[in-house]
Amino acid sequence: MEHMSDQPARWTRSTIYPDMWADPDDDPRNSEGTSPDGELATLRDFLANYRMTLRMKCEGLDAEQLARRSVPPSTMSLLGLLRHLAEAERDWRNWISDGDPLPKLYGKRDADFDEAVSEQAEVDAAYSALAREQDATDAALAEHPDLSVRLGKDGIAVRELMVHRIEEYARHCGHADLLRECIDGRVGQ
């Protein structure tokens, strides 16, 4: 007797490698030519690729799917990750500022995940907030191309902040892989 399951079957769009998200020639993260020159350009390239990966993991899903929680008691969802990373971008600007901190985007602690509801307006707002906060943090850091400069009240080095940003996106892209596979079976790379 065959076991019935409500879990989606694994699938991919890739035709060359069955465990990849997309064929290498179709993957927008792949680039021809040499890698970026210099440490700052390399860090920016890695960050851009992880940001694109997160967007790819969310593509093609409706509001209900994006807001779908992982497993109890976790409140993690793809929509929550979008909101969380917008909040993190804002926090990183607070780290490098000498002024008063910007207010939290979503209010109380964990509201970025807890209040991620399956409404298209919430999805649109999350994408908008993420793009806005990424642009603002990128602009603030562009004023400090020397990676060894220390900024803000705690004197965080620009290098440390850039590496932390990459780590945060990379970590959450791993979560996004699992969340997406649970939603529709799509496997990632």
Side-chain angles (χ1 to χ4, degrees), residues 5-13 20-22 27-29 44 46-97 101-141 156 160-189:
S5 172
D6 61 354
Q7 295 298 314
R10 289 176 58 115
W11 71 278
T12 179
R13 286 193 179 123
M20 294 179 96
W21 185 265
D27 191 333
R29 298 166 296 181
R44 287 177 176 159
F46 270 83
L47 180 60
N49 281 326
Y50 279 118
R51 285 173 169 176
M52 186 181 305
T53 298
L54 180 67
R55 285 191 307 272
M56 290 170 66
K57 301 302 174 179
C58 296
E59 284 177 354
L61 298 177
D62 62 28
E64 184 279 322
Q65 291 169 313
L66 286 168
R68 192 176 298 168
R69 306 305 168 117
S70 57
V71 292
S74 175
T75 59
M76 188 176 289
S77 66
L78 289 168
L79 179 57
L81 288 176
L82 294 172
R83 291 164 51 100
H84 171 72
L85 287 164
E87 192 78 75
E89 291 282 355
R90 178 168 280 209
D91 285 344
W92 291 324
R93 282 200 319 285
N94 285 333
W95 292 3
I96 64 173
S97 171
L102 297 166
K104 290 201 154 293
L105 288 173
Y106 300 108
K108 67 183 191 313
R109 181 178 166 85
D110 295 328
D112 43 358
F113 287 106
D114 294 341
E115 296 172 9
V117 296
S118 62
E119 296 172 5
Q120 190 59 47
E122 288 293 324
V123 171
D124 296 343
Y127 277 114
S128 178
L130 181 59
R132 181 187 66 246
E133 297 301 322
Q134 287 172 337
D135 289 347
T137 304
D138 290 347
L141 285 172
I156 187 169
E160 182 182 350
L161 181 56
M162 289 297 293
V163 170
H164 181 70
R165 292 170 82 200
I166 293 165
E167 177 271 336
E168 185 80 4
Y169 276 91
R171 185 168 152 259
H172 290 311
C173 282
H175 295 133
D177 280 340
L178 297 173
L179 287 162
R180 179 66 187 247
E181 189 173 354
C182 284
I183 292 168
D184 67 359
R186 182 99 187 258
V187 296
Q189 70 206 51

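Across all their heavy atoms, Leu81 and Phe113 have their closest contact at N-CE2, 3.6 Å. Ser74 approaches Met76 most closely through the heavy-atom pair OG-N, 3.0 Å. Looking at every heavy atom in both residues, Ala116 comes nearest to Ala67 through O-CB, 3.9 Å. The nearest pair of heavy atoms linking Tyr106 to Glu87 is N-OE1, 3.1 Å. Pairing each heavy atom of Ser70 with each of Leu179, the nearest pair is CB-CD2, 3.5 Å.
When the salt bridge (Lys or Arg N to Asp or Glu O under 4.0 Å) test is applied to Glu133, the partners found at least two apart in sequence or on another chain are Arg90, Arg93. Take Arg69 and apply the salt bridge (Lys or Arg N to Asp or Glu O under 4.0 Å) test, not counting sequence neighbours, and it matches no residue.
Trp92 and His164 have perpendicular rings, their planes meeting at more than 60° on a 0 to 90° scale where under 30° would count as parallel.
In this structure, the separation between CG on Leu54 and CD on Glu59 is 10.5 Å, given to the nearest 0.5 Å. Note that CE of Met162 and CD1 of Ile156 are 11.5 Å apart. Values are rounded to the nearest 0.5 Å. In this structure, CG in Leu85 is found 5.0 Å from OH in Tyr169, a value given to the nearest 0.5 Å. In this structure, OG on Ser118 lies 10.0 Å from CG on Leu66, to the nearest 0.5 angstrom. For the atom pair Asp177 CG and Thr53 OG1, the distance stands at 8.5 Å (nearest 0.5 Å). One finds the CD1 atom of Ile183 at 4.5 Å from the CG atom of Leu78 (value rounded to the nearest 0.5 Å).
Ion pair Glu89/Arg165 flagged as a salt bridge, since at least one NZ, NE, NH1 or NH2 atom sits closer than 4.0 Å to an Asp/Glu carboxylate oxygen.
Of the possible polar contacts, none joining the Asp112 side chain to the Arg83 backbone as a donor-acceptor pair under 3.5 Å is found.
Side chains of His172 and Glu168: a donor-acceptor N/O pair is present below 3.5 angstrom, by distance only.
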Under 3.5 Å, which donor-acceptor pairs link side chains of residues 123-130 to any protein atom two or more places apart or in another chain?
from, atom 1, to, atom 2, distance (Å)
Asp124, OD1, Gln120, NE2, 2.8

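Contact of the Leu61 side chain with the Arg68 side chain is not registered, since no non-hydrogen atoms from C-beta on lie closer than 4.5 Å.
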